[in-house]
Q: 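Below is one structure. I have some questions about it.
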2 protein chains.
Amino acid sequence: MSADLTRNQALVMKTLSGAGAPLSAYTILDRLRDDGLRAPLQVYRALDKLTEMGLVHRLESLNAFVACAHPNCHEQELIAFAICENCGKVEEFSDQVVKDRLDGWARNHRFKAAKTTIEIRGDCGRCEVKS
Amino acid sequence: MSADLTRNQALVMKTLSGAGAPLSAYTILDRLRDDGLRAPLQVYRALDKLTEMGLVHRLESLNAFVACAHPNCHEQELIAFAICENCGKVEEFSDQVVKDRLDGWARNHRFKAAKTTIEIRGDCGRCEVKS
DNA sequence: GAACAAATGTTATGACATTACATATCCTTG
DNA sequence: CAAGGATATGTAATGTCATAACATTTGTTC
């Protein structure tokens with residue numbers, strides 16, 4: 001398994017898992033002050049490792065981080081995110097057809113893809129929120 | 001046509017068009033000092049309008065902006081970006097199948113999409129670059 | 001237990017973006 | 001044309017996100 005996290009990694013992971021929504025690195029830091037964390041780098045370093053391990057995803061359009069919805073599948077496949085701008089919740093999904101099409105484009109253009117981001121911002125339709 | 005840009009909008013547009021690659025707001029600002037621009041907000045305001053008009057796209061994974069490759073089609077359709085991490089060049093493309101799949105997912109999940117980001121980071125295979 | 005790799009702690013700084021407020025310009029419409 | 005509204009501008013200050021550089025500690029391996 002992947003459970004050999006260091007202290008800081010475990011703290012950050014726990015914070016993100018408990019949040020149920022994306023958090024910024026600085027928000028994570030604020031929530032971990034009492035646990036002894038004091039500098040942004042401590043959080044960013046943990047986030048880097050957790051992201052490498054596939055336990056955390058970075059949402060580019062939010063400059064924030066979210067715990068992977070599939071805690072055990074450190075799949076590095078193509079993941080798409082649907083981000084609700086009302087309630088902040090994120091849904092994670094994969095679509096093989098989308099992946100095939102993007103891979104196909106890349107192949108046709110001799111483009112060697114390293115990382116692909118798909119983020120849909122909108123309204124999840126499930127939240128009755130603060131207006 | 002769309003040619004009724006204000007002074008600041010025109011300056012920012014010209015800078016971005018001439019660059020042939022994405023620029024950060026602050027880089028644009030630096031290049032427009034001689035034209036009288038002095039504050040980030042002047043650039044950000046112009047970028048907001050140009051983005052609304054579809055003349056400029058924001059690249060979320062880069063925190064940067066690029067002139068639309070199709071200057072006259074202010075299509076607000078789904079656009080994907082392939083960003084070369086070597087040479088910085090960006091290619092812009094659309095894929096109806098990808099759009100249909102993502103629209104389909106949204107429909108099935110009652111998710112009302114407002115804006116979708118697709119960005120592929122990698123190596124364009126066309127650049128022999130600085131190593 | 002020496003030596004190396006990995007993780008941590010800390011300070012400072014760099015990079016990206018917005019708030020708040022004042023002023024100016026343009027464009028209606030009576 | 002004057003009045004009023006909408007849009008664009010100018011400016012300073014501040015807020016938010018991220019990394020560089022360096023010192024120290026911990027963990028592993030032989």
Side-chain angles (χ1 to χ4, degrees), chain A residues 2-16 19 21-53 55-66 81 83 85 88 90 115 117 119 121, chain B residues 2-16 19 21-53 55-66 81 83 85 88 90 115 117 119 121:
Chain A
S2 65
D4 42 358
L5 301 180
T6 67
R7 172 186 151 81
N8 288 358
Q9 288 163 15
L11 286 169
V12 168
M13 191 67 219
K14 188 173 138 224
T15 304
L16 267 183
L23 297 178
S24 77
Y26 277 74
T27 301
I28 295 168
L29 176 57
D30 285 342
R31 298 195 182 178
L32 289 175
R33 298 263 179 211
D34 292 347
D35 295 284
L37 293 215
R38 320 184 123 264
L41 246 198
Q42 296 176 289
V43 172
Y44 280 108
R45 286 199 278 229
L47 287 169
D48 281 350
K49 293 297 180 186
L50 292 168
T51 300
E52 273 176 24
M53 295 180 209
L55 298 175
V56 162
H57 304 296
R58 177 184 171 129
L59 299 175
E60 303 286 354
S61 69
L62 247 40
N63 292 331
F65 302 83
V66 68
F81 300 92
I83 303 166
E85 292 179 330
V90 173
K115 172 158 198 277
T117 298
E119 297 180 13
R121 305 280 296 267
Chain B
S2 64
D4 42 359
L5 300 180
T6 68
R7 173 187 149 81
N8 288 359
Q9 287 163 15
L11 287 170
V12 168
M13 192 66 218
K14 188 173 137 222
T15 304
L16 267 183
L23 298 178
S24 76
Y26 276 76
T27 301
I28 295 170
L29 177 57
D30 285 342
R31 298 194 184 179
L32 290 174
R33 297 264 179 211
D34 292 347
D35 295 284
L37 293 215
R38 319 183 124 263
L41 201 49
Q42 296 176 290
V43 173
Y44 280 108
R45 285 199 278 228
L47 286 170
D48 281 351
K49 294 297 180 185
L50 292 168
T51 301
E52 273 177 23
M53 296 180 208
L55 297 174
V56 162
H57 303 296
R58 179 186 166 115
L59 299 174
E60 303 286 354
S61 69
L62 247 40
N63 291 331
F65 302 84
V66 68
F81 301 92
I83 303 166
E85 292 180 328
V90 173
K115 172 156 197 280
T117 299
E119 298 180 14
R121 306 279 297 265

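By convention in this document, chain letters (A, B, ...) are assigned in the order of the sequence lines, proteins followed by strands, and residues within each chain are numbered from 1. Nothing here was measured: the structure is a model prediction, and the numbers come from that model.
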Q: Please state how far atom CG in B/D4 lies from atom P in D/dT7, giving the value in whole angstrom units.
A: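 Answer to the nearest Å: 14 Å.
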Q: Once you apply a heavy-atom cut-off of 4.0 Å, does A/A25 come out as touching a base, just sugar-phosphate, or nothing?
A: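 Counting heavy atoms under 4.0 Å across all strands, no contact is made by A/A25.
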Q: Of A/K49 and A/P40, whose nearest nucleotide on DNA chain C comes first from the 5' end?
A: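 In this pair, the answer is A/K49.
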Q: Using whole Å, what does the distance between atom C1' of nucleotide D/dT19 and atom CG of A/L29 come to?
A: 15 Å
Q: A/Q42 side chain to A/L37 main-chain N or O, any donor-acceptor pair under 3.5 Å?
A: no
Q: Measure across B/M13 and B/L55 and return the closest heavy-atom pair with its distance rounded to 0.1 Å.
A: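 Smallest heavy-atom distance, with atoms named: CE-O, 3.4 Å.
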Q: What is the distance from CG of A/L47 to C1' of C/dA7, rounded to the nearest Å?
A: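 Taking CG of A/L47 and C1' of C/dA7, I get 15 Å after rounding.
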Q: Taking the basic N atoms (NZ, or NE/NH1/NH2) and the acidic carboxylate oxygens, is any pair closer than 4.0 Å for A/E60 and A/R58?
A: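 Judged by the 4.0 Å cut-off on N to carboxylate O distance, A/E60 and A/R58 do form a salt bridge.
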Q: In whole Å, I'd like the distance from the CG atom of B/L32 to the P atom of D/dT9.
A: 12 Å
Q: Looking at B/K14, I want to see if its NZ is surrounded by more than 12 non-hydrogen atoms of other residues, nucleotides or ligands under 6.0 Å.
A: no
Q: Taking only the side-chain heavy atoms of B/L41 (C-beta and beyond), determine which of D/dA18, C/dT8, C/dA20 contains the nearest atom.
A: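 Closest nucleotide to the B/L41 side chain: C/dA20.
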Q: Take atom CD1 of A/I28 and atom P of D/dT16, then tell me their distance rounded to the nearest Å.
A: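 The distance from CD1 of A/I28 to P of D/dT16 comes to 15 Å, rounded to the nearest Å.
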Q: Of all the choices, D/dG10, D/dA18, C/dG9, which nucleotide is nearest to the side chain of B/Q42 once you look at every atom?
A: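 Nearest to the side-chain atoms of B/Q42, counting from C-beta on, is D/dG10.
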Q: Can you tell me how far apart CG (A/N8) and CG (A/D35) are? Round to the nearest 0.5 Å.
A: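 If I round to the nearest 0.5 Å, the distance is 9.5 Å.
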Q: Using the closest heavy atom to pick a nucleotide of DNA chain D for each, name whichever of B/N63 or B/R7 lands nearer the 5' end.
A: B/R7
Q: Taking the side chain of B/L37 as its heavy atoms from C-beta onward, which of C/dT10, D/dG10, C/dT18 lies nearest to it?
A: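 Comparing C/dT10, D/dG10, C/dT18 against the side chain of B/L37, the answer is D/dG10.
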Q: Ignoring the backbone of B/F65, work out which of C/dA17, D/dT9, C/dA20 is nearest its side chain.
A: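 Nucleotide nearest to B/F65's side chain: C/dA17.
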Q: Could you check whether A/Y26 and the base of D/dC17 form a stacked pair, meaning centres closer than 5.5 Å and planes differing by less than 30°?
A: yes
Q: Given C/dA6, is OP1 or OP2 found less than 4.0 Å from the side-chain N or O atoms of A/T6?
A: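 Checking A/T6 against C/dA6: no side-chain N or O falls below 4.0 Å of OP1 or OP2.
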Q: Of the listed nucleotides (C/dA20, C/dA17, C/dT10), which one gets closest to any side-chain atom of B/R45?
A: C/dA20
Q: Is any side-chain N or O of A/S24 closer than 4.0 Å to OP1 or OP2 of D/dT16?
A: no
Q: Write down the distance between CD (B/E60) and P (C/dA15), rounded to a whole number of angstrom.
A: 20 Å
Q: Rounded to the nearest Å, what distance is computed from the CZ atom of residue A/R58 to the P atom of nucleotide D/dC17?
A: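 One finds 10 Å between P of D/dC17 and CZ of A/R58, rounded.
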Q: Could you give the CG-to-P distance, from B/L5 to C/dC26, as a whole number of Å?
A: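 After rounding, the gap between these two atoms is 15 Å.
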